[in-house]
Amino acid sequence: MNRGSTNVWYENWIGLGALYHIVPNDYTINEDMQEVAELRVDDTWDEQLLVQSFPTDIAQHIKQEVIFGTTENSWDVPRWMPSPSGNFSVSSAWNILRHRDHVNPDYNKIWTKDLPFKISFFLWILWKGKIPTDNLWRRSGYLVVSKCWCCSQPQEETFQHLFLTSETATRVWRNFLQAADLVINLVQVHQVIRTWWNAKCYPKLMHLYQAAPAVITWELWKRRNTMKYGGAISCNRVIHEVNKTLHYLERIRYPWLSIIPPLWSDMISFFEGYKPYVGTKSGSNAILMVHQEAILVQADMGFVFEIMLEIWCLRKNIR
């Protein structure tokens, strides 16, 4: 607010909305008063006119909350109320127009860092129940002759059957659940995935437990499509591909560890028994030990601090 050129009744200059829509319907409006400047007396509000023109609560709000700027010769500058800076932004306008649901904590665990985006994206679609299985096509009104491609004796292909109760799915899930010492009744896909996410495990295995359901369902879906269109993939091959992806994820997360075993059960044992430590050797050589791997660093007294700093940073990443 500068010189008060804003319209009194039809613009939101008090922060509560246009006065024309705020005052009670039975309140008499003085439409001869047009600009806010008419409510001023020098550098203060005309309190008597405020009381005469507006309801008491609005008059009090104006006196306490609305202030004039120091540039009296300039036009009033409009401010975008939803933005703290007063400047318009598309994002703030979008937040007003859209209907925002409550934050779902499950969606935060769908996206695993360093896991290929296509796998996380697939799990997001699966979580929303949008995977195009035969029963989904049927619910959409299409006539489909359904056949499960995962079993030796084909049954009707459904979402739960494909990813949970089929012969291949059951064997794959059991293989990884037993190694992780998890006991789950394979009843519902979302329930199995949540059990993986909420399982108590060694801290270095948390992201693996988060990623495992995504990788397993991804490989089951790949096998289904390959079998449907004339290819052949064994159940052991599915297990191998899951192991391969999880091992890749660990190599990306811990690039300084070159002896991470490739099998799921061995990976669990490896990280549960993992105890990094730092040791030194007398003389001018500093030795950094990381799980039976030693990096010999030549150092003299002038570089001791730099080596200590590097060791500290590495230990922070490890722990």
Side-chain angles (χ1 to χ4, degrees), residues 1-130 197 207 210-211 214 252-253 313 316-317:
M1 186 78 67
N2 291 318
R3 74 178 191 180
S5 57
T6 302
N7 186 279
V8 173
W9 301 107
Y10 301 103
E11 296 189 57
N12 181 17
W13 58 278
I14 65 172
L16 302 177
L19 287 173
Y20 184 85
H21 301 290
I22 293 178
V23 297
N25 293 331
D26 57 351
Y27 197 86
T28 303
I29 294 177
N30 182 10
E31 296 189 3
D32 293 334
M33 184 170 52
Q34 294 295 323
E35 293 187 351
V36 177
E38 300 175 30
L39 298 170
R40 292 183 62 183
V41 176
D42 297 329
D43 294 332
T44 60
W45 293 107
D46 187 337
E47 296 187 10
Q48 183 178 359
L49 184 57
L50 287 177
V51 173
Q52 294 175 355
S53 304
F54 311 113
T56 304
D57 56 339
I58 295 178
Q60 286 295 118
H61 174 81
I62 294 174
K63 288 189 291 184
Q64 296 174 3
E65 303 295 337
V66 182
I67 59 175
F68 278 88
T70 57
T71 310
E72 297 184 3
N73 296 325
S74 300
W75 291 87
D76 295 341
V77 178
R79 293 177 59 86
W80 179 249
M81 299 297 292
S83 176
S85 65
N87 298 323
F88 173 81
S89 64
V90 175
S91 60
S92 61
W94 168 243
N95 287 329
I96 295 174
L97 294 175
R98 71 171 174 170
H99 172 69
R100 188 168 187 172
D101 291 332
H102 296 292
V103 176
N104 188 340
D106 292 333
Y107 287 118
N108 292 330
K109 296 187 178 181
I110 288 177
W111 309 95
T112 304
K113 184 180 179 181
D114 299 323
L115 190 67
F117 174 78
K118 60 183 179 181
I119 299 180
S120 294
F121 184 77
F122 172 80
L123 182 62
W124 176 67
I125 298 176
L126 181 144
W127 191 262
K128 294 172 70 70
K130 301 300 182 180
W197 288 347
H207 66 284
Q210 180 181 340
I252 294 296
R253 184 65 65 93
C313 294
K316 285 292 184 181
N317 288 332

Heavy-atom pair of closest approach, residues Asp114 and Ile252: CG-CG2, 3.6 Å
Closest contact, heavy atoms only, Ala214 versus Leu115: CB-CD2, 4.1 Å
From CG (Leu126) to CD1 (Ile119), nearest 0.5 Å: 13.0 Å
Nearest atoms (heavy-atom pairs only) where Ile110 meets Trp124: CG2-N, 3.8 Å
Residues forming a side-chain hydrogen bond (donor to acceptor under 3.5 Å, both in side chains) with Ser92, sequence neighbours excluded: Trp80, Ser89
Note, Tyr107 side chain near Lys128 side chain (heavy atom, < 4.5 Å): yes
Parallel, tilted or perpendicular: rings of Phe117 and Trp111 (30°, 60°): parallel
Heavy-atom closest pair, residues Asn108 and Gln210: O-NE2, 4.0 Å
